[in-house]
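Here is the structure we will look at, set down as structure tokens.
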Amino acid sequence: MRGLVLILLFSTVHMSQPEVPQRLTSLSSLVNAELTFARTCKQKGVRASFVEFFADDGIAFKPEPFRYKDAVKDLPPPANPTAFLLEWEPDVAFVAASGELGYTTGPSVRRDNTAKDKPQGYGQFFSVWKKQKDGYWKVAVDIGTDTPEQTASLGTPFKGVERVEATPTSSRKTEDERMSGVMDLEHELSKSSARDGVVRAYLLCSDDESRLHRGNEMPIVGREAIQSYLSKQTVVSAWKPIAGDVSLADDLGYTYGSYECIIEDSSVSEKGYYLHVWKRDAKGEWKLVADITNPQPTEKQN
């Protein structure tokens, strides 16, 4: 999993531009950026490639969110940058109609080359990308989860999600108005979970593209799969956003923050940090298309 290895491999490196220009406002340019990122990782190592492709304020998780470049800038480089290899590819991607915000997700494989048998681990990464002033895509948020097996084969054809055009009035909203709208979605999700239960809360804002990424679980994709997964136990969840962003087209947005999940009739309380990605569907309605969590160790309530 790409997100968890960040804390293992900090260093400072010389910044350079990606080898493939990503100046086109299109889905293909975002996919090219992700593929170039992965190729650079194999060549230069995890830390060097992450510094190169993360935005200056790009966020990673350990499990709490932190600014990656701020965390690594004063740390020494690794003796062997490629001792630990990480490979990944996007199998789903989306770009806002305004062309400056998008996301990618797909399988990842990690390998320890210092071990004789080179043991492997599997995961699913999720990255939010934002186009910078110079026209290059950079990672705004990156989070990942371990999976019990590989979620898809590397090298398979890309099956990207088609871009959805913005509604005619969306570009007239201010940045504050757009962000306020997404924050309202977050608050309503928490209220709905407390009022109606987490299953109904998710079903009201999910569709066939929606996905949950949970530690040591395969990705849970689609309304039916989400309902089946969440129905296994009765829980109430609440989310507290820390920050986020919304596309200029007001058709794609995200938040990250803390969450708490309480299992009813139990003393178990799961706390941690999350990433939510919201996207308008073909009818212009907001849907929660991604929910990824990084839990802290389980606590017992007093």
Side-chain angles (χ1 to χ4, degrees), residues 1-20 32-56 58-91 104-129 138-139 141-156 213-219 272-273 275 292-298:
M1 184 278 298
R2 196 169 77 185
L4 290 181
V5 301
L6 298 176
I7 61 175
L8 303 177
L9 299 167
F10 287 161
S11 74
T12 55
V13 296
H14 175 69
M15 291 292 294
S16 61
Q17 291 288 359
E19 58 185 272
V20 178
N32 285 338
E34 185 69 81
L35 293 174
T36 305
F37 183 9
R39 185 164 59 250
T40 303
C41 184
K42 291 178 67 175
Q43 297 168 349
K44 300 181 180 181
V46 173
R47 291 164 62 171
S49 63
F50 275 63
V51 170
E52 182 171 330
F53 282 84
F54 263 59
D56 289 344
I59 297 295
F61 292 77
K62 61 172 185 180
E64 70 277 4
F66 68 101
R67 287 193 176 190
Y68 182 78
K69 287 188 178 180
D70 288 348
V72 306
K73 64 181 180 180
D74 296 325
L75 297 177
N80 183 358
T82 58
F84 182 95
L85 278 185
L86 186 62
E87 299 179 72
W88 71 87
E89 286 182 359
D91 62 1
T104 55
T105 185
S108 64
V109 179
R110 61 187 185 277
R111 184 180 297 108
D112 182 0
N113 285 328
T114 64
K116 185 176 180 180
D117 57 352
K118 297 183 179 181
Q120 294 184 350
Y122 304 110
Q124 182 82 11
F125 78 88
F126 197 103
S127 295
V128 178
W129 292 74
K138 297 289 184 179
V139 176
V141 183
D142 183 83
I143 190 171
T145 51
D146 286 329
T147 57
E149 58 187 84
Q150 197 165 344
T151 59
S153 298
L154 299 181
T156 56
H213 293 183
R214 299 292 186 264
N216 299 311
E217 300 269 4
M218 300 297 282
Y273 298 88
L275 171 69
I292 305 101
T293 58
N294 261 352
Q296 295 176 325
T298 301

Fill in the blank from the handout: All heavy atoms of Tyr273 vs all of Pro65, minimum pair found to be CD2-CD, 3.4 Å

Exercise for the section: On the 0 to 90° scale, with breaks at 30° and 60°, tag the Phe50-Tyr68 ring pair as parallel, tilted or perpendicular. Expected result: tilted

Problem - For the student: nearest non-hydrogen atoms of Leu35 and Pro90, plus distance - result: CD2-CD, 3.7 Å

Problem - From CA spacing to verdict: side chain to side chain contact (heavy atoms under 4.5 Å, CB included), Trp88, Cys41 - result: CA-CA 9 Å; Trp88 71 87; Cys41 184; 3.6 Å; yes

Handout entry: Donor-acceptor under 3.5 Å (Lys69 side chain, Phe54 main chain)
Key = yes

Exercise for the section: Check the pair Thr36 / Phe53 against side chain to side chain contact (heavy atoms under 4.5 Å, CB included), numbers first and verdict last. Expected result: CA-CA 9 Å; Thr36 305; Phe53 282 84; 3.8 Å; yes

Handout entry: Straight-line distance of Ser49 OG to Gln43 CD, nearest 0.5 Å
Key = 10.0 Å

Exercise for the section: Check step by step if side chain to side chain contact (heavy atoms under 4.5 Å, CB included) holds for Thr145 and Arg214. Expected result: CA-CA 6 Å; Thr145 51; Arg214 299 292 186 264; 5.9 Å; no

Problem - CZ on Arg110 to CG on Leu85, rounded to 0.5 Å - result: 13.0 Å

Handout entry: Shortest non-hydrogen contact from Asp91 toward Ala152
Key = OD2-CB, 4.1 Å

Handout entry: Verdict with supporting geometry, Val51 and Lys44, side chain to side chain contact (heavy atoms under 4.5 Å, CB included)
Key = CA-CA 11 Å; Val51 170; Lys44 300 181 180 181; over 6 Å; no

Completion exercise
Rounded to the nearest 0.5 angstrom, the CD1-OG1 distance for Ile143 and Thr293 is 7.0 Å

Handout entry: Within-4.5 Å side-chain heavy-atom neighbours: Ile59 and Leu275
Key = no

Practice task
With the side chain counted from C-beta on, respond yes when Thr151 and Met218 share a heavy-atom pair under 4.5 Å apart, and no when they do not.
Solution key: yes

Practice task
Please tell me if the side chains of Val141 and Phe61 come closer than 4.5 Å, counting only heavy atoms from C-beta onward.
Solution key: yes

Exercise for the section: Compare all side-chain heavy atoms of His213 with those of Thr105 and state whether any distance is below 4.5 angstrom. Expected result: yes

Problem - Atom pair CZ/CG of Arg111 and Leu86 - distance to nearest 0.5 Å - result: 10.0 Å

Handout entry: Tyr122 side chain reached by Pro107 side chain, heavy atoms, under 4.5 Å
Key = no

Practice task
Quick one: closest heavy-atom pair of Thr82 and Asn113, and the distance?
Solution key: O-ND2, 3.3 Å

Exercise for the section: Working to the nearest 0.5 Å, report the span between CZ of Phe37 and CG of Asp142. Expected result: 6.5 Å

